[in-house]
2 protein chains.
Amino acid sequence: MTAPTNTPRLQQIRAVAERLFRDKGYLAASMREIAREVDMKGGGSLYAHIRGKEDLLWDIVNDATDAFFAALTPTLAGSDAPATKLRRAMIGHILTITTHLGAAAAYFDEWRHLAEPRRSQFLARRDDYERLFGEIVAAGMAAGDLRPADPRLTTLHILSSLNAVRVWYKPEGRLSAQAVADSLADLLMHGLCC
Amino acid sequence: MTAPTNTPRLQQIRAVAERLFRDKGYLAASMREIAREVDMKGGGSLYAHIRGKEDLLWDIVNDATDAFFAALTPTLAGSDAPATKLRRAMIGHILTITTHLGAAAAYFDEWRHLAEPRRSQFLARRDDYERLFGEIVAAGMAAGDLRPADPRLTTLHILSSLNAVRVWYKPEGRLSAQAVADSLADLLMHGLCC
DNA sequence: GTCTATATAATGATAGAC
DNA sequence: GTCTATCATTATATAGAC
């Protein structure tokens, strides 16, 4: 939570910061560069809109967290069988990444540049999400819907496999986000073997 | 390639840099901090051993690349069936990550802070490795050993799933590296479904 | 709200004594 | 090879005119 205002100019600044934080990393992206990309002549003007660089990261990280929860909530509320629920959760997770690539980079990689207590607050929310996701996996195994295995370790494998999409997915590439999501869900559900 | 010498002191500096680059990121890890962790009193003393900070990153990144190739080569040379080869390659890849966590962080995340032409040189070698890995996948599908799918996309999914282990694996944790490697190989080979 | 100028702190790297 | 001192650069952030 920074300012209660949310002007178009601020949103523009946040969009640029999101892109630069992803492209070069939080530390390598300077305030002067962000300012230049929104057609300001010096970094100082930014401080009429934000209190500091870290606020930009904080807002981006929270947008990402909100998006992941928003994608998972309807799946959790549904009454599908666990395996179907898991597939829907996986697809939703991947599509959230592919439609919020900048925010995803902050969520997975750049959050460590947050100072306390924000850092811990973020990690707590991320843990909540992973716990919710893991409950689907555990339920599926308990119901005999999924192969029995260590549910915590399996959830870790699933989520980190899904998250890896952020590294190489290109919106302008030959593959649609849906095709990437479907293929990875198939791979995780059925495996490589015949 | 930096200096032809390779003293114990230099190896110690590289080991510290590797750990700090992983823990805080390349840019956030200062030369003064590296110096302090090898019991030097100021960052200046480091320059009797290296020419610059980037040389440390470069050497670490190349160590990682060498390690990945070293793990893959015997598997490629073997005469196993493609599916067996793939499993061995996956296990070897994961174990290389877990035994070189600092170098893996540089290999996957910090390489972008290399200036040209080193950056491109590194990416070319990494592409070579991924191509070799992908040939096992393609051969397995061609032989009917693996389920038919887009071999390039499948290779991308496999490798990025394996690579994700670096993010959460803790050597002092409850799971051995071998257990992590086996469980992920099982998941990718056979899937979650019954 | 944006500009210019600047305060303040930290960085990578170098120089020279020992 | 390590020390201390320092240079040059860059960073985030602030002050005050407009």
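Given the structure is predicted, the values throughout are model-derived calculations rather than measurements. So that the names make sense, note that chain A is the first sequence line, chain B the second, and so on, each numbered from 1.
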Distance-only donor-acceptor hits, side chain of residues 130-140 of chain B, under 3.5 Å, sequence neighbours excluded:
from: Arg131(B); atom 1: NH1; to: Asp128(B); atom 2: OD1; distance (Å): 3.0

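For Ser45(A) and dC3(C), the shortest distance from a side-chain N or O to OP1 or OP2 is below 4.0 Å. In terms of phosphate contacts, Tyr47(B) brings a side-chain nitrogen or oxygen within less than 4.0 Å of OP1 or OP2 of dA13(C). Close to dT2(D), at under 4.0 Å from its OP1 or OP2, lies a side-chain N or O of Arg9(B). OP1 or OP2 of dT2(D) has not a single side-chain nitrogen or oxygen of Lys41(B) nearer than 4.0 Å.
Note: Leu188(B) CG to Met90(B) CE = 5.5 Å, rounded to the nearest 0.5 Å. Note: His100(A) NE2 to Phe68(A) CZ = 8.5 Å, rounded to the nearest 0.5 Å.
Distances from the side chain of Ala48(B) to the nucleotides dT2(D), dT6(D), dT2(C) place dT2(D) closest. In the set dT2(D), dG12(C), dG1(C), the nucleotide with an atom closest to the side chain of Arg32(B) is dG12(C).
No contact: Gly43(A) has no heavy atom under 4.0 Å from any strand. Heavy atoms of Ala35(A) sit nowhere under 4.0 angstrom from any nucleic acid atom.
Atom-to-atom, CG of Leu27(B) to P of dT10(D) comes out at 14 Å; the value is rounded to the nearest Å.
Positionally, the nearest nucleotide of DNA chain D for Gly42(B) lies more toward the 5' end than for the other of Gly42(B) and Glu54(A).
Counted by atom type alone, Arg118(A) and Asn62(A) present zero donor-acceptor pairs between their side chains at under 3.5 Å.
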